[in-house]
Engineer: 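One structure, as structure tokens, below. Some questions next.
Lettering of chains follows the sequences in order, A, B, ..., and the numbering in each one begins at 1. Scope of the values below: all heavy atoms of this structure, side chains included, with no hydrogens, waters or symmetry mates.
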Amino acid sequence: MSFSPISISETDYISKGIEKNFRLDGRENLMYRDFTVVTGVVSQTYGSARCRLGHLGKGSDVLVGIKAEIANWTPGDPETEAGDIGKIVCNVEISPIAAQFFVGRSSEEFALELSHLLTRAISGPQSGLDFKQLCIIPKQAYWVLYVDALVLGYDGNLIDPLLYATRAAFSDLLLPKVIVESVLDEDTKVEHQAFEILDDPSAVQTLNGWENIPLAATFYIVGKRYVIDCSVDEEAISSARVTVTANQNGEICSVQKGNFKTGLSPSLLGEILTISKKLLPSLVLSQNAKLEQLNLAKSDSSAPETSFTFLNFF
Amino acid sequence: MSLTTVTPGKRLGITHDYSAGKGTYVRNGTIFATVCGKKHIIENEPGTLPIIAVLGKNQESAIPVVGSEILGKVTKIHAKQATVSIMMIGNVPCRKDFHGIIRLQDVRATEKDKVKIFECFRPGDVLRAQIISMGDQRSYYLSTAKNEYGVVFAQSSLGNTMIPISWNEMQDPKTLIIENRKCAKPF
Amino acid sequence: MFSSRAFDNRLVNVPEQSIPPFLEEPKSIKDSVINNSRLDGRDQVTPRLLFIKTGLVDKAHGSAYLEQGKIKISCAVYGPRPVVKAGAVISATTGNLECEFSFSSFSSSWRTVKQRDTEEKEISQILTQALGPSICLHMFPKSSIDVYVTVIESDGRLATIAAAIKCATIALVDASIDMFDVVTCVSASLFNNSWVIDCTQAEENEEDSSILLSYMVSSQEITNVIQTGKTSIELSQNGLNLCVDVGSKIYQAMCQYLSKSL
């Protein structure tokens, strides 16, 4: 969804270039810009990551923080009806720093769309996360993970860095360990379960299955061609958008179409699915390699993450 | 001959044999319907292709188009403009009134700098005007700068319907008071 | 001052939380679906029967009422009319489409009034995206087409959204708004390796994946697709193709009704 108007000659220039597989910044139609990722950047969260797609100072920039809270189970909620799983709640906000037209309430609709997109991608069995691990006491208490994303820079294509940063944040997530014990209530003589969160900062657990979180490839349709990872101008001239998320095994986790100027033919959708099957597993592997590197660098120094590292990359 | 009913998206013919009329659109050389209605084939002058049109059951609602004649009611007057609520476009009523404004320079064709809005329009007058531009975010721009455009119906300050007596005067038949309006030519 | 219009929950002694009485545990739906013996007797690829009626809301420019199984949806369309939404971009070359979707509080088995807000906004966006490509918006500059959908009873979240999209299209045609094509919408759920069309709530609770596909048959364009849940490429393709096929059949039924209603 683009907000800035674009002239006819610019539109013509960009679309003719895309037909010849040559875009404004010299990339081919199916090439990504560089991803840069840093984890553990927000100290008040249980896990966080910041991802930038593009060069320093110009690119889409998303910061994701995960906070965990304990909720009491109530029978009314259809998502946790079974009583043995936890929950993930996603929220995306777009900061006015990202672009001038996001000042005020104009970004609300777009942010809501991104929130729903993120929810569909990771909340549910398709994310591969172990939701049962988030249950503390069945039918009584469970962890709720609040995944909050903040868009700090906008240069087209917010969805891919959004999922990239979410996956990195989940790799960084460390939940405190919880001890569950049976307690005998003195007044009613009824035995019930109670839990206690361990205060020890080293008693933490990672969330199983975070490697299975899918990454997104967003295809923007321009005329009869499609491009991946478009910039602001290309987004302004595109007529439809398809986001495909797939995990490291090449399994498709969600397909969502956005932007309602035109539709797309079923054969084009099939082509897009086939291409994303090739693109996404390699993207996941490259992210795994980057996160490995970050982990090694972190385990060396015992000092906490400082803003120096934060600013160094961004 | 009973006419066939078509739904939006139904293929009607090819541009080689017909030309597209109301209620249709052309894609890749084929004519498709855009509304649900009866398909009409209208013969044109000899030498040109017949027209395919689809006429829906509901009266289509009108959209203001630059150059079309409108009938509207004055809702507000300011020193520099008059606000009009557009009720009919051509012969078709609007489903919901659109907004238009008549700027000072568009009220009449001569002596544009000497115009006083209070002597040309009053709130409640019904007038005929022409749409001259798409205008700004809120309203279309209208013009009454021709003889046949201007106030067609107005009530005097005492509530009686007035009769136009000249291009800038209307008279209340009961009290014989004359009020200033920019009148449309009645015939 | 006491306002009779606003109902203030704080003044009435309702319990903080209440639940409807539990009925007996339902038997496993998944097995019966996989064995091609669904509870209502359909096979895996047959959608529920449609009932459509237009023109029920007098004041609206176009309206439609749709029933599909237990799902009951009513839709009213106003337009083209001047844009009233605050903050909407008014363009001199294209019109705006605003869709508003709402559940009535008695539409599903749980009475949820507060939590519905975000879900309703999400589905309103899905509606806008599904219907947008089909309307000739370039013919209504500076105007807005408003679509209001109310769900009276729902049975299966995706099936209800699919029915809402169908109902909204029929209301748009009833309002004589120029459209490129009629939009049909199909929902499907994956059970193990087979796709099952148009599932009820009980069936949807046990699904592995789901697809919601909105399709314009004559132009052969997918206006909106949402697929959630893990599948392989082949299964995805199968599901999308199946939805396109079933969509064509539903399209014929809708067009048949529209031609007869005139």
Side-chain angles (χ1 to χ4, degrees), chain B residues 2-12 20-28 30-39 53-66 68 83-87 89 92-100 131 133-141, chain C residues 54-55 59-63 77-84 87-93 95 134-146 169-170 172-184 215-221 251-262:
Chain B
S2 64
L3 302 160
T4 46
T5 317
V6 293
T7 51
K10 192 89 187 262
R11 198 175 160 284
L12 298 174
K22 211 160 94 148
T24 62
Y25 76 99
V26 177
R27 192 183 64 223
N28 293 342
T30 318
I31 304 177
F32 297 88
T34 60
V35 282
C36 187
K38 299 233 184 281
K39 169 173 133 181
V54 181
L55 301 175
K57 68 165 162 84
N58 287 331
Q59 179 62 277
E60 283 174 26
S61 82
I63 288 283
V65 167
V66 174
S68 51
T83 309
V84 175
S85 170
I86 301 175
M87 300 188 298
I89 299 177
V92 183
C94 294
R95 280 183 177 160
K96 193 144 188 247
D97 292 351
F98 287 87
H99 297 146
I131 300 179
S133 111
M134 294 295 274
D136 55 21
Q137 287 254 315
R138 266 171 287 275
S139 33
Y140 293 87
Y141 285 164
Chain C
T54 54
K59 289 270 160 51
H61 301 141
S63 61
V77 168
Y78 293 85
R81 59 180 188 178
V83 181
V84 289
V89 177
I90 305 178
S91 155
T93 46
S134 69
I135 304 182
C136 301
L137 285 172
H138 64 275
M139 295 182 68
F140 308 111
K142 286 176 72 162
S143 311
S144 146
I145 312 240
D146 300 322
T169 309
I170 303 221
L172 282 165
V173 176
D174 185 50
S176 287
I177 290 179
D178 295 75
M179 297 172 70
F180 293 117
D181 199 354
V182 169
V183 180
T184 171
Y215 185 56
M216 293 201 290
V217 175
S218 181
S219 338
Q220 290 189 333
E221 260 181 39
Y251 175 84
Q252 278 162 15
M254 284 162 76
C255 287
Q256 212 178 23
Y257 168 76
L258 285 169
S259 340
K260 278 204 209 125
S261 74
L262 281 176

Engineer: Is it the backbone or the side chain of C:C255 that comes under 4.5 Å from a heavy atom of chain B, or both, or neither?
Structural biologist: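 Contact with chain B involves both backbone and side-chain atoms of C:C255.
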Engineer: Quick one: do C:Y215 and C:Q220 satisfy side-chain contact (heavy atoms from CB on, under 4.5 Å)? Show the steps, please.
Structural biologist: CA-CA 7 Å; C:Y215 185 56; C:Q220 290 189 333; 3.8 Å; yes
Engineer: Examine whether an atom of C:M139 lies under 4.5 Å from a heavy atom of chain B, and if so say whether it belongs to the side chain, the backbone or both; otherwise answer neither.
Structural biologist: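 Looking at C:M139, just its backbone touches chain B.
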Engineer: Listed by chain and number, what are the ring pair (Phe, Tyr, Trp, His ring centres under 6.0 Å) partners of B:F32, not counting sequence neighbours?
Structural biologist: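 Once residues adjacent in sequence are excluded, the partners of B:F32 under the ring pair (Phe, Tyr, Trp, His ring centres under 6.0 Å) criterion are B:Y25.
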Engineer: Do the ring planes of C:H138 and C:F180 sit parallel (below 30°), tilted (30 to 60°) or perpendicular (above 60°)?
Structural biologist: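 Ring orientation of C:H138 relative to C:F180: parallel.
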Engineer: Sort out for me which of C:K142, C:M179, C:R81 touches chain B most, counting heavy-atom pairs under 4.5 Å.
Structural biologist: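 Among the listed options, the one with the most contacts to chain B is C:K142.
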Engineer: Specify which of B:T24, B:N28, B:V65, B:D136 makes the most heavy-atom pairs with chain C at under 4.5 Å.
Structural biologist: B:D136
Engineer: Less than 4.5 Å to any heavy atom of chain C: does that hold for the side chain of B:T7, its backbone, both, or neither?
Structural biologist: side chain
Engineer: Has the side chain of B:T34 got a donor or acceptor atom that lies under 3.5 Å from a matching backbone atom of B:G23?
Structural biologist: yes
Engineer: Say whether, by atom type as modelled, one donor and one acceptor occur between the side chain of C:S218 and the main chain of C:D181 under 3.5 angstrom.
Structural biologist: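 Answer holds: no.
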Engineer: Tell me, side chain or backbone of B:S133 under 4.5 Å from chain C's heavy atoms, or both, or neither?
Structural biologist: neither
Engineer: Heavy atoms only: give me the nearest B:I131-B:P64 pair and the separation to one decimal.
Structural biologist: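 Residues B:I131 and B:P64, closest heavy atoms: CD1-CB, 3.5 Å.
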Engineer: Using every non-hydrogen atom in the two residues, find where B:K39 and B:V6 come nearest and quote the distance to one decimal.
Structural biologist: CB-CG1, 4.3 Å
Engineer: Considering only heavy atoms and a distance below 4.5 Å, find which of B:R27, B:R138, B:K10, B:R11 pairs most often with chain C.
Structural biologist: B:R27
Engineer: C:Y251 versus chain B, heavy atoms under 4.5 Å apart: side chain, backbone, both or neither?
Structural biologist: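 The answer is the side chain of C:Y251.
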Engineer: Who wins among C:A92, C:S143, C:P141, C:P80 for the most heavy-atom pairs under 4.5 Å with chain B?
Structural biologist: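 Of the candidates given, the most pairs with chain B belong to C:P80.
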